[in-house]
Amino acid sequence: MCRTVSLLLISFICMIRLSDAAFERIQLSARSIGIGGASVALTSGADSVSQNVAGLAVDLHNPELALSHLELYGLLHYNAIFTAIPILPDNQWKSSLGLHLTSSTDKPGVYQEIEMGCAIGQQISSSTYLGFGFSYLTSQANLGIIQIGTGRGLSVDVGIQHRLANQKVVVGASVAHLLSYIDYDRRQIGGAKSRQYNEKLSPHIRLGGIMSLDFLFGQLHFPKYRLITPTLEKTVIAFELASRRFSLGLESEVQNGYLRFGYRYNGGLDQGICAGFGYKFHQFKVDYSWANGHFGTSSHLISITLHF
């Protein structure tokens, strides 16, 4: 029993002292995971709340509600709710409000995190979108029914998207946890004394872009074919660099469906092939993605989006 308590306590201390591990910004969009996570320039609507807040106002004409469930390597479970609501629809420049609630827990239920907040996306020129997000963060660690520690804090995100070539080329950037402050309270247990302290989260910087294949092949003077060209117009390639991780992805729209493929290069646990698909039916869209990792691990994510 003492050994179990010690191991759990050590695990808890490690989790709350390493700011890179606490409140890590996980991909919670099946569309994003399907293209290897290279979505900072591709995201739009409700998904943008967690991907790049600048995308909130992009192509959003009606309110959206997105629900996601992620099983990460069979170890952690994430659930998320995102909403995006257009505001000032008659204004020259589009603007939208986003709300989100995410929760995560490990399988034994020892450690849980909850993040809730709001965001605003604003079109600031004919081709540029800017966004800001504000989140309240809370965590707790438990030993059975006994709570042995808590965390409370705030975080600010920023993002930008810029569209070129009649929106056939998009570049984007975002910084999650640009500003943050977390206050921890560790309770007295066993031989460990109670302790209070605070820390900042490490900013998560993402840079990337997308390009439609018909634009790329047009620049290469690729001849147009009646059967191939329409597919190229609805296919984009994406790339992204985030925290020393490089990702490549491809998404193709086929009638009311979507096919996605991607690969993540980073040498870590989540390096590997990603794939997914989606289907849109009237005001309803469902997306699924699968990501391979090292050591036989894999992740599964399903997202459901409703357009009102």
Given the rule in the side-chain hydrogen bond (donor to acceptor under 3.5 Å, both in side chains) test, do His69 and Ser303 qualify, once you have shown the distances and angles that lead to the verdict?
-> CA-CA 7 Å; His69 174 74; Ser303 299; over 6 Å; no
Kindly compute the distance separating CZ (Phe246) from CG (Leu207), expressed to the nearest 0.5 Å.
-> 11.5 Å
Could you check Thr105 against His77 for side-chain hydrogen bond (donor to acceptor under 3.5 Å, both in side chains), going step by step and ending with a plain yes or no?
-> CA-CA 6 Å; Thr105 183; His77 294 276; over 6 Å; no
Any donor-acceptor pair under 3.5 Å from Gln255 side chain to Gly257 backbone = no
Partner set under side chain to side chain contact (heavy atoms under 4.5 Å, CB included) for Thr138, not counting sequence neighbours = Ile114, Tyr136, Arg152
Hey, is the main chain of Asp183 close enough, under 3.5 Å, to the side chain of Asn198 for a donor-acceptor pair?
-> no
Considering all heavy atoms of both residues, which atom of Gly34 and which atom of Ser289 are nearest to each other, and what is their separation?
-> N-CB, 3.6 Å
Give a yes or no on this: more than 12 heavy atoms of other residues, nucleotides or ligands lie within 6.0 Å of atom CD1 of Ile273.
-> no
Determine yes or no for a side-chain-to-main-chain donor-acceptor pair under 3.5 angstrom, with Ser247 supplying the side chain and Gly36 the backbone.
-> yes
Which heavy atom in Gly55 sits nearest to a heavy atom in Gln161, and how many Å separate them?
-> CA-NE2, 4.0 Å
How long is the gap from OH on Tyr258 to CD1 on Ile35, to the nearest 0.5 Å?
-> 12.5 Å
Contacts of Lys94 that satisfy salt bridge (charged side-chain N to carboxylate O under 4.0 Å, His left out) - sequence neighbours left out | none
Do you reckon Leu65 sits in the same ILVMFWY cluster as Ile304, going by side-chain contacts under 4.5 Å, direct or chained?
-> yes
May I ask whether Phe239 and Ile210 are part of the same hydrophobic cluster, defined by side-chain heavy atoms of I, L, V, M, F, W, Y residues being less than 4.5 angstrom apart, directly or through others?
-> no
Quick one: does Asn52's side chain have a donor or acceptor within less than 3.5 Å of a partner on Ala54's backbone?
-> yes
CG on Leu248 to CZ on Arg264, rounded to 0.5 Å | 12.5 Å
Check whether any side-chain heavy atom of Val175 lies under 4.5 Å from a side-chain heavy atom of Val156, and answer yes or no.
-> no
Would you say Ser50 and Phe82 make side-chain contact, with heavy atoms under 4.5 Å?
-> yes
Gap between atom OG of Ser68 and atom NE2 of His100 - 0.5 Å precision | 13.0 Å
Determine whether Val169 and Ile237 fall in the same hydrophobic cluster, where Ile, Leu, Val, Met, Phe, Trp and Tyr are linked whenever their side-chain heavy atoms lie under 4.5 Å apart.
-> yes
Short question: side chain of Ser95, backbone of Ile87 - any donor-acceptor pair under 3.5 Å?
-> yes
Using a 4.5 Å cut-off on heavy atoms from C-beta on, say whether the side chain of Leu137 contacts that of Ser155.
-> yes
Quick one: are Ser139 and Tyr184 in side-chain contact, heavy atoms under 4.5 Å?
-> yes
Apply side-chain contact (heavy atoms from CB on, under 4.5 Å) to Val49 and Leu56, showing your working.
-> CA-CA 7 Å; Val49 181; Leu56 267 171; 3.9 Å; yes
Who passes side chain to side chain contact (heavy atoms under 4.5 Å, CB included) against Phe281, sequence neighbours left out?
-> Tyr279
Identify whether Leu179 and Ile205 are in the same connected component of the hydrophobic contact network (ILVMFWY, side-chain heavy atoms under 4.5 Å).
-> yes
With sequence neighbours left out, which residue pairs that include part of residues 272-293 fulfil the salt bridge (Lys or Arg N to Asp or Glu O under 4.0 Å) condition?
-> Arg260-Asp287, Lys285-Asp287
Between Tyr288 and Phe277, how do the two ring planes meet: parallel, tilted or perpendicular, split at 30° and 60°?
-> tilted
Any sub-3.5 Å donor-acceptor pair from Asp157's side-chain atoms to His177's backbone N or O?
-> yes
Between Thr102 and Leu28, is a side-chain contact (heavy atoms from CB on, under 4.5 Å) present by the stated rule, with each step listed?
-> CA-CA 9 Å; Thr102 65; Leu28 292 174; 3.9 Å; yes
Return yes if a side-chain donor-acceptor contact under 3.5 Å exists between Gln27 and Ser32, otherwise no.
-> yes
For Val170 and Ala41, work out which heavy atoms get closest and say how close.
-> CG1-O, 3.3 Å
Could you tell me whether a side-chain N or O of Ser180 sits under 3.5 Å from a main-chain N or O of Leu201, the two making a donor and an acceptor?
-> yes
Any link between Phe134 and Ile120 through a network of hydrophobic side chains (Ile, Leu, Val, Met, Phe, Trp, Tyr) touching at under 4.5 Å?
-> yes
For His300 and Trp290 the tightest heavy-atom approach is CE1-CD1, 3.4 Å
Report yes if some heavy atom in the side chain of Phe23 is under 4.5 Å from a heavy atom in the side chain of Glu113; otherwise report no.
-> yes
His307 side chain near Phe284 side chain, heavy-atom distance below 4.5 Å | no
Which distance, rounded to the nearest 0.5 Å, do you find between the OG of Ser125 and the NE2 of His162?
-> 6.5 Å
Is there any salt bridge (Lys or Arg N to Asp or Glu O under 4.0 Å) pair reaching into residues 29-46, and which pairs are they, with sequence neighbours excluded?
-> Arg31-Glu251
With sequence neighbours left out, write down each residue that passes salt bridge (charged side-chain N to carboxylate O under 4.0 Å, His left out) with Arg245, or none if nothing qualifies.
-> Glu240
Stepwise side-chain contact (heavy atoms from CB on, under 4.5 Å) check, Ile160 with Thr128 | CA-CA 7 Å; Ile160 188 170; Thr128 305; 4.0 Å; yes
Considering only heavy atoms from C-beta outward, does the side chain of Val236 approach that of Leu250 to under 4.5 Å?
-> no
Ile182 and Lys200: CA distance, side-chain angles, deciding distance, side-chain contact (heavy atoms from CB on, under 4.5 Å) verdict = CA-CA 6 Å; Ile182 311 294; Lys200 296 179 180 179; over 6 Å; no
Compare every heavy atom of Ala238 with every heavy atom of Ala38, then report the nearest pair and how far apart it is.
-> O-CB, 3.3 Å
Test side-chain hydrogen bond (donor to acceptor under 3.5 Å, both in side chains) applied to Gln51 and Ser29, step by step = CA-CA 8 Å; Gln51 304 298 316; Ser29 164; 4.9 Å; no
Pairwise distance OG(Ser298) to CG(Leu72) - rounded to 0.5 angstrom = 10.0 Å
Does the side-chain hydrogen bond (donor to acceptor under 3.5 Å, both in side chains) test come out yes or no for Arg206 and Ser39, once each step is laid out?
-> CA-CA 9 Å; Arg206 302 171 63 190; Ser39 62; 3.1 Å; yes
Can you tell if the side chain of Leu130 reaches within under 4.5 Å of the side chain of Phe132, non-hydrogen atoms only?
-> yes
Correct closest heavy-atom pair for Leu60 and Gly45 would be CD1-CA, 4.4 Å
